[in-house]
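Input: a single structure, listed below in structure tokens.
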Amino acid sequence: MRIVVCVKHVPDATADRHFESDYTVDRVGVDGLLSELDEYAVEQALRLKEKAESPEDVTVTAVTVGPEKAADAVRKALQMGADAGVHVSDEAIAGSDAIATSLVLAAAVRKAAGGGVPDLVMCGMASTDGSMGVLPAMLAERLGVPQVTLASQVETQGDQVRIKRDGDTATEVIGARMPLVLSVTDQSGEARYPSFKGIMAAKKKPMQTYSLVDLDVSADQVGLSVAWSVVEGTEARPPRTAGEIVRDEDGSGATALTEFLAAKKFI
Amino acid sequence: MSEVLVLVDHAEGVVKKPTYELLTLARRLGEPSAVFIGTADAAGAVKDNLARYGAEKVYVVDDADIKGFLVAPKAEALAQLVEKTSPAAVLLTSSPEGKEVAARLAIKTSSGLITDAVDIAEGGITTQSVFAGNYTVTAKVTQGTPVITVKPNAATPQEHTGAGVVEEFAATISEAARTAQIVASQPREKSGRPELTEAAIVVSGGRGTGGEFAPIEALADALGAAVGASRAAVDSGWVPHSYQVGQTGKTVSPQLYVAAGISGAIQHRAGMQTSKTIVAINKDDEAPIFELVDLGVVGDLHTVLPAATEAIHHRKG
């Protein structure tokens, strides 16, 4: 079985994230890391491999699209235990919207799988920067396969996949057949930390770097200038003005709370 | 004037409130046409409500052959409707399902996609809240038919009588779209409280509850609020994941958000920072949540909340 995991290198959410003058996300001036939500996808891929009857027949390849530093996200996946890595890097890709990114990523997934569609394409539930959560569906559309998303539990048997999804109104079990695109949530199970052995082993694992030419994707299909939606402006939200802080002493907290709610007409 | 397609979000024939918000926003872009995927009977039952909020047409796509399958058939049906009607835009709810339908639709129709809009102005200029609510972004689709998903509470539904002409639409659904299927479903117990993302008031509990959610629920019920939680409370198994507010849970933007026993990590703030009024109760006076509040109470939620709840009942008589 061939599993391809899509990972994204994102600006650290706890850092001061901001935009460039062309309204793209600053990906250079801010510390980056493997999106924590993608770690869950790597983890589930590794667990599927470990649970397989013959784990050596399962390959897990981590794929990313992004500038030079984005290779760090793939490296982390290799340290966790993925078998191989693919990094698509090309200046023309900068500023691509989700639509163009999905085009490049779909081509990269095929390349990583030796030209065809792998049995499983795994993703996190969303990135922690753009947070659109649409990439799995876009990839599935481009690869011509179903997507089964937001799994909190994943089971496979042969080419059958069963997932559990905690929806708003119901907990559902969803069934589908490979090949498919699968996204997992942060409820699917804590991601492992790379061991020292894993870190050392990762250095010897194959890591391919491709440009758009290698993927047969034309540079005029991607990038900021051909994006199908444009950002017209960004504005930092004004910081909230410091509110009133009261210390609860002998019930004064409850009184302050009740009076505040009444004054604001919430009662 | 061009049509604007609005995908109706409904459960068993009951239309959810965000659909009326979409119809209201759609009027800024053209003539709203509701797209109802369900049975003809259910469509008949909801068409008057859709018309009351401005739907000039109600396209009904019979779901007999696609019920229980995930989003792919819906995207196919919508793509065919887009081809037929050449709408000014397609609006969908920013639920996981709405976003996935939108994603597939955008690629099928070679159109730009904007997700999680909190407002749409004339000309299709959208407003989004990004980076944990620290920035607002205005954007616009420049290619194809704009596909836009809109967050709940983005607009106040306004009544505006539309003709509500029902038109059946026979979509051709491919076999390939009917592959991922719901094989079992366990409905969640109904709490009787408002839906978390739609509620005007949300009361949330975190690690500081120590697993004791009764004071949170009692205050929520006194205020007619929804109950939310931080990830710490969900991971501890105290409440279901559907309660979670934050990056990997729901994003809420209510009139009032009450955070009790929640420290206010960036992941939680991402889900509630755009709330109009924020109140926090926390024992730790250095909790980062206090940076956001209009009112902060440094104290034990287990004494403050019950006393406040009682006072609220007393005021209400």
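Lettering follows sequence order; numbering is per chain, from 1.
- Counting heavy atoms from C-beta outward, B/Ile312 and A/Leu261 have side chains that approach closer than 4.5 Å.
- With contacts defined as side-chain heavy-atom distances shorter than 4.5 Å, the pair A/Trp228/B/Leu113 does not qualify.
- Heavy-atom pairs under 4.5 Å with chain A peak, among B/Glu97, B/Glu291, B/Lys108, at B/Lys108.
- In this structure, B/Gln247 CD and A/Asp186 CG are separated by 8.5 Å, a value rounded to the nearest 0.5 Å.
- Heavy-atom neighbours of A/Asp31 CG from other residues, nucleotides or ligands within 6.0 Å: at or below the threshold of 12.
- Contact count against chain A (heavy-atom pairs under 4.5 Å) is highest for B/Thr136 among B/Thr136, B/Val101, B/Val141.
- With chain A as partner, the option from B/Thr277, B/Asp300, B/Val297 having the largest number of non-hydrogen pairs under 4.5 angstrom is B/Val297.
- Taking each heavy atom of B/Ala132 and A/Arg17 in turn, the nearest pair found is N-NH2, 3.8 Å.
- Atom CZ in A/Phe266 sits 9.0 Å away from atom CG in B/Leu223 (nearest 0.5 Å).
- Contacts from residues 141-155 of chain A to chain B, taken as heavy-atom pairs separated by less than 4.5 Å, involve A/Glu141, A/Arg142, A/Val145, A/Pro146, A/Gln147, A/Val148, A/Thr149, A/Leu150 in sequence order.
- For the residue pair B/Asp116 and A/Ser131, the shortest heavy atom distance occurs at OD2-O, 3.9 Å.
- Atom OH of residue B/Tyr135 and atom CD of residue A/Glu235 lie 10.5 Å apart, to the nearest 0.5 angstrom.
- Looking only at side-chain heavy atoms (C-beta outward), B/Val234 and A/Gln187 come within less than 4.5 Å of each other.
- Scanning both residues, A/Ala13 and B/Ile266, for their nearest heavy atoms gives O-CG1, 3.7 Å.
- Going from atom CD of B/Gln244 over to atom CG of A/Asp166 covers 11.0 Å, rounded to the nearest 0.5 Å.
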Should B/Lys316 and A/Ile267 be marked as a side-chain contact (heavy atoms from CB on, under 4.5 Å) after you check the CA-CA gap, both sets of side-chain angles, and the distance that decides it? CA-CA 8 Å; B/Lys316 289 203 284 197; A/Ile267 305 176; 4.1 Å; yes
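- Within the 4.5 angstrom heavy-atom criterion, no atom of A/Ala98 approaches chain B.
- Proximity to chain B is absent for every atom of A/Ala126, based on heavy atoms less than 4.5 angstrom apart.
- Both the backbone and the side chain of A/Ile245 come within less than 4.5 Å of a heavy atom of chain B.
- The NZ atom of B/Lys190 lies 7.5 Å from the OG1 atom of A/Thr169; values are rounded to the nearest 0.5 Å.
- Of all the listed residues (A/Ala227, A/Ala176, A/Gly133, A/Gly175), the one sharing the greatest number of non-hydrogen pairs under 4.5 Å with chain B is A/Gly175.
- For the options B/Gly299, B/Ala176, B/Ala103, B/Pro240, heavy-atom pairs under 4.5 Å to chain A are most numerous at B/Ala103.
- The closest side-chain heavy-atom distance from A/Ile174 to B/Gln181 is not below 4.5 Å.
- For A/Gln160, the CD atom sits in a packed shell: over 12 heavy atoms of surrounding residues, nucleotides or ligands are nearer than 6.0 Å.
- Looking only at side-chain heavy atoms (C-beta outward), A/Val25 and B/Phe131 come within less than 4.5 Å of each other.
- Without hydrogens or angle criteria, B/Arg188 side chain to A/Gly167 main chain gives a donor-acceptor distance under 3.5 Å.
- The contact between A/Thr128 and chain B is made by backbone and side chain atoms together, counting heavy-atom distances below 4.5 Å.
- If you tally non-hydrogen atom pairs under 4.5 Å between each of A/Thr234, A/Val230, A/Leu135 and chain B, the highest count goes to A/Val230.
- Note: B/Ser111 leads B/Ser111, B/Ser242, B/Ala307 in heavy-atom pairs under 4.5 Å with chain A.
- You'll find the side chain of A/Asp248 reaches within 4.5 Å of the side chain of B/Thr303, heavy atoms only.
- Heavy-atom distances place no part of B/Arg178 under 4.5 Å from chain A, backbone and side chain included.
- Within residues 250-257 of chain B, the residues having any heavy atom under 4.5 Å from a heavy atom of chain A are, by residue number, B/Lys250, B/Gln255, B/Leu256.
- Rounding to the nearest 0.5 Å places CZ of A/Arg240 at 7.0 Å from OG of B/Ser275.
- For chain A, the nearby parts of B/Leu295 are the backbone and the side chain; heavy atoms of each come within less than 4.5 Å.
- For A/Ile163, no part sits under 4.5 Å from any heavy atom of chain B, backbone or side chain.
- Counting heavy atoms of neighbouring residues, nucleotides and ligands inside a 6.0 Å radius, atom NZ of B/Lys283 does not exceed 12 of them.
- A pairwise comparison of heavy atoms in A/Ala170 and B/Ser185 identifies CB-OG, 3.4 Å as the closest pair.
- For B/Thr274, the parts lying under 4.5 angstrom from a heavy atom of chain A are both the backbone and the side chain.
- No part of B/Leu196 comes within reach of chain A, as not one of its non-hydrogen atoms sits under 4.5 angstrom from that chain.
- A donor and an acceptor atom, one from each side chain of A/Glu36 and B/Gln267, are located under 3.5 Å apart.
- Counting non-hydrogen atoms of neighbouring residues, nucleotides and ligands closer than 6.0 angstrom, the CZ atom of B/Arg315 exceeds 12 such neighbours.
- Looking at B/Val130 and A/Phe19, their side chains come closer than 4.5 Å, going by heavy atoms from C-beta outward.
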Determine whether B/Thr115 and A/Val134 satisfy the following criterion, side-chain contact (heavy atoms from CB on, under 4.5 Å), listing intermediate values before the conclusion. CA-CA 9 Å; B/Thr115 58; A/Val134 295; 3.8 Å; yes
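- Both the backbone and the side chain of B/Val293 come within contact range of chain A, judged by heavy atoms closer than 4.5 Å.
- If you measure heavy-atom distances from A/Leu37 to chain B, the contacts under 4.5 Å come from the side chain alone.
- Side-chain atoms of A/Arg165 and B/Leu70, non-hydrogen and from C-beta on, do get closer than 4.5 Å to each other.
- Only the side chain of B/Val71 comes within contact range of chain A, with at least one heavy atom under 4.5 Å from a heavy atom of that chain.
- The closest donor-acceptor contact from the side chain of B/Thr138 to the backbone of A/Gly233 lies under 3.5 Å.
- Enclosure of atom CD in A/Glu20 by more than 12 non-hydrogen atoms of other residues, nucleotides or ligands within 6.0 angstrom is indicated.
- Nearest heavy-atom pair across A/Met125 and B/Thr248 is CE-O, 3.7 Å.
- Residue contact with chain A, scored on non-hydrogen atoms closer than 4.5 Å, involves the backbone and the side chain of B/Ser110 alike.
- Between the side chain of B/Lys99 and the backbone N or O of A/Met132 there is at least one donor-acceptor pair closer than 3.5 Å.
- When heavy atoms are compared at a cutoff of 4.5 Å, A/Thr171 approaches chain B by way of both its backbone and its side chain.
- Of the residues considered (B/Gln186, B/Arg104, B/Gln143, B/Glu189), B/Arg104 shows the highest number of contacts with chain A, using heavy-atom pairs under 4.5 Å.
- Taking each heavy atom of A/Ile99 and B/Ala106 in turn, the nearest pair found is CD1-CB, 3.8 Å.
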